[in-house]
Amino acid sequence: MSGHFFSSQFNELKQKLEQVMQAPEMTPIVQLSVQAPAVPLLSWLSAQTQYPRIYWHGRDKVEEVAAIGICKQFYYQDQVDDHQLAADYQAQRGKGTSQDLRYYGGVAFDRTVECWPEFGRARFVLPRIELRRSGQTIKILLNLNFDNQNRQLEYQQALAAIAKIEKPKPLSPPNKTRLMSRSDLPDKDRWRELVQQVTQHNFNQTTPKVVLSRQTQIEIAEQLDPWTILACWQGRNPNSFQFGFQFSPERTFISCSPERLYLRRQNELFTEALAGTTIRGLNQEEDELLAQQLLDDVKNSHENQLVRQHIVDALKPLSQYVGADEKAKIFKLTHIQHLHRAIRAELNAGVNDFDLLRALHPTPAVGGLPRHSALSFIRQREGYARGWYAGACGYFNHYESEFSVAIRSALIEPRRISLYAGAGVVSGSDPDAEWQELENKLATILSILIDF
């Protein structure tokens, strides 16, 4: 371990590890923890050399997490049945008694098609070492997997992970880079064709909404630190979920997403309908006028109501009670504002996180309605694989789980960044207006990256 950073805390963890090894019996998954003073977690994470590197910061800003390494994981590179995912998850729930055990990861937007290397159709990691900040203190967690593992080998691997910890260093300066080239898929002509197809009367009668998206790939002059980009984005969108997954040095997926898929606290569930978009005003008067126009807009109000009703219908079979806002409110971000309706449910006993993922993901806000026909259209016509864009990213835990819808996101590779944005297409949608909505959604991240 470089220097003396957290040295006393990691020495304490080693002592606890020695005590665990001397115990005659233990649960299959063991978690050890110590307290430490707070440090900038993105700076700490960027300095580490162990993969994966994982970051999570919820929209409520109460907690921030940085994690490295793998203690245990679920990883599905090839097609996997949702029922198998749920069965694998359930098999793990009883193997650890700690209330703090969390698996971080995500599921792809469309788990029936090939996904990005390393990310797979679904991947969830119980990290080897995790730092959780709440206020001015950090909890350092060390996870151990004794489930059908050689105890001595697990002990040595845990010690090796501690020894490789690097002290934090300042993030690299947020310098903008030169744009070498840009390509959009689909391009603007193809986009117009797709919007026209979705809005044709015969198609729209059976599939009233399809969320079309675009991959904007930019080639840049130099390699950028993904964690510096995320820190800058975080500063521009503080009221969003902020997260990143880096399974190897080659690829990092980051997101500053405004949208919650769900928050579950035991049997209580919180979710939302977030659909319908406009820009922010240059002053308060213009901002309020734009917000009111969004509330009064028939197309956007209809789109948000469709999303609300779908989520309520999806939750009813899993719940004793479901309640939702009748009227939409305005949810403001730095550059844009959305229509928002809050939804709450009391879940039936025995409903687990993969039951919820199967019911809610992908939502009509990123896929469309009805789900099957909208996804079929996207799969056949959109022209690229979304991967984890518009997927569900977060963590699950026996007592509490939280997932965000991975919109406003980027896949960062050496000298190449893929940016993603989507727009809900319904009857009356204008292709050029929807294209401009994509541009509005990318404005923040492009202003961070590119020296125009």
Below 4.0 angstrom, N of the basic side chain to O of the carboxylate: do Arg192 and Glu434 qualify? no

Under the rule for ring pair (Phe, Tyr, Trp, His ring centres under 6.0 Å), what residues qualify as partners of Phe243, not counting sequence neighbours? Trp56

For residues 311-324, which residue pairs qualify under side chain to side chain donor-acceptor pair (under 3.5 Å), counting only residues two or more places apart or in two chains? Gln309-Asp313

Lys/Arg N to Asp/Glu carboxylate O, Glu413 vs Arg251, below 4.0 Å: yes

Check ion pair Lys209-Glu303 (N to O, under 4.0 angstrom): yes

Ion pair present between Lys188 and Asp184, side-chain N to carboxylate O less than 4.0 angstrom? no

By side-chain hydrogen bond (donor to acceptor under 3.5 Å, both in side chains), Tyr75 pairs with (sequence neighbours left out) Gln77

Among residues two or more places apart or on two chains, list those pairs meeting salt bridge (charged side-chain N to carboxylate O under 4.0 Å, His left out) that have a residue in residues 229-240. none

Would you please name every residue forming a side chain to side chain contact (heavy atoms under 4.5 Å, CB included) with Phe270, sequence neighbours left out? Leu263, Arg265, Glu268, Arg344

Spatial distance of atom CG (Leu274) from atom OG (Ser257) [nearest 0.5 Å]: 8.0 Å

Tell me every residue that passes ring pair (Phe, Tyr, Trp, His ring centres under 6.0 Å) with Phe119, counting only those two or more places apart in sequence or in another chain. Trp116, Phe247, Trp388

salt_bridge(Glu114, Arg379) N-O dist < 4.0 Å: no

Could you pull out all residues at least two apart from Phe109 that satisfy ring pair (Phe, Tyr, Trp, His ring centres under 6.0 Å)? none

Pairing residues for Ser373 by the side chain to side chain contact (heavy atoms under 4.5 Å, CB included) criterion, not counting sequence neighbours: Thr207, Pro370

Give the minimum heavy-atom separation between Ser240 and Leu333, together with the two atoms involved. OG-CD2, 3.6 Å

More than 12 foreign heavy atoms under 6.0 Å from CD of Glu222: is that the case here? yes

With Gln380, which residues qualify under side chain to side chain contact (heavy atoms under 4.5 Å, CB included), at least two apart? Ser376

With no hydrogens and no angle check, do the side chains of Gln266 and Tyr399 hold a donor and an acceptor under 3.5 Å apart? no

So, are Asp355 and Arg358 salt-bridged, with charged N and O less than 4.0 Å apart? yes

Between Phe354 and Phe124, how do the two ring planes meet: parallel, tilted or perpendicular, split at 30° and 60°? perpendicular

For Phe331, what residues pass the ring pair (Phe, Tyr, Trp, His ring centres under 6.0 Å) criterion, not counting sequence neighbours? His340

Quick one: does Gln293's side chain get under 4.5 Å of Glu288's, heavy atoms only? no

Which of parallel (below 30°), tilted (30 to 60°) and perpendicular (above 60°) describes His57 and Tyr55? perpendicular

Identify whether the distance between the nearest side-chain nitrogen and carboxylate oxygen of Arg102 and Glu402 falls below 4.0 Å. no

Side-chain contact test, heavy atoms from C-beta onward, threshold under 4.5 Å: evaluate it for Thr216 versus Leu442 and give yes or no. yes

Considering residues at least two apart in sequence or located in another chain, which fulfil the side chain to side chain contact (heavy atoms under 4.5 Å, CB included) criterion with Arg280? Asp287, Lys332, Gln337

Would a 4.5 Å heavy-atom cut-off, applied to side chains only, mark Trp227 and Trp44 as touching? no

Presence of salt bridge, Arg132 and Asp100, under 4.0 angstrom: yes

Can you sort out the partners of Asn300 under side-chain hydrogen bond (donor to acceptor under 3.5 Å, both in side chains), two or more places apart, ordered by chain and number? Asp297

Measure the shortest side-chain to side-chain distance between Arg59 and Ser404 over non-hydrogen atoms and say whether it is less than 4.5 angstrom. no

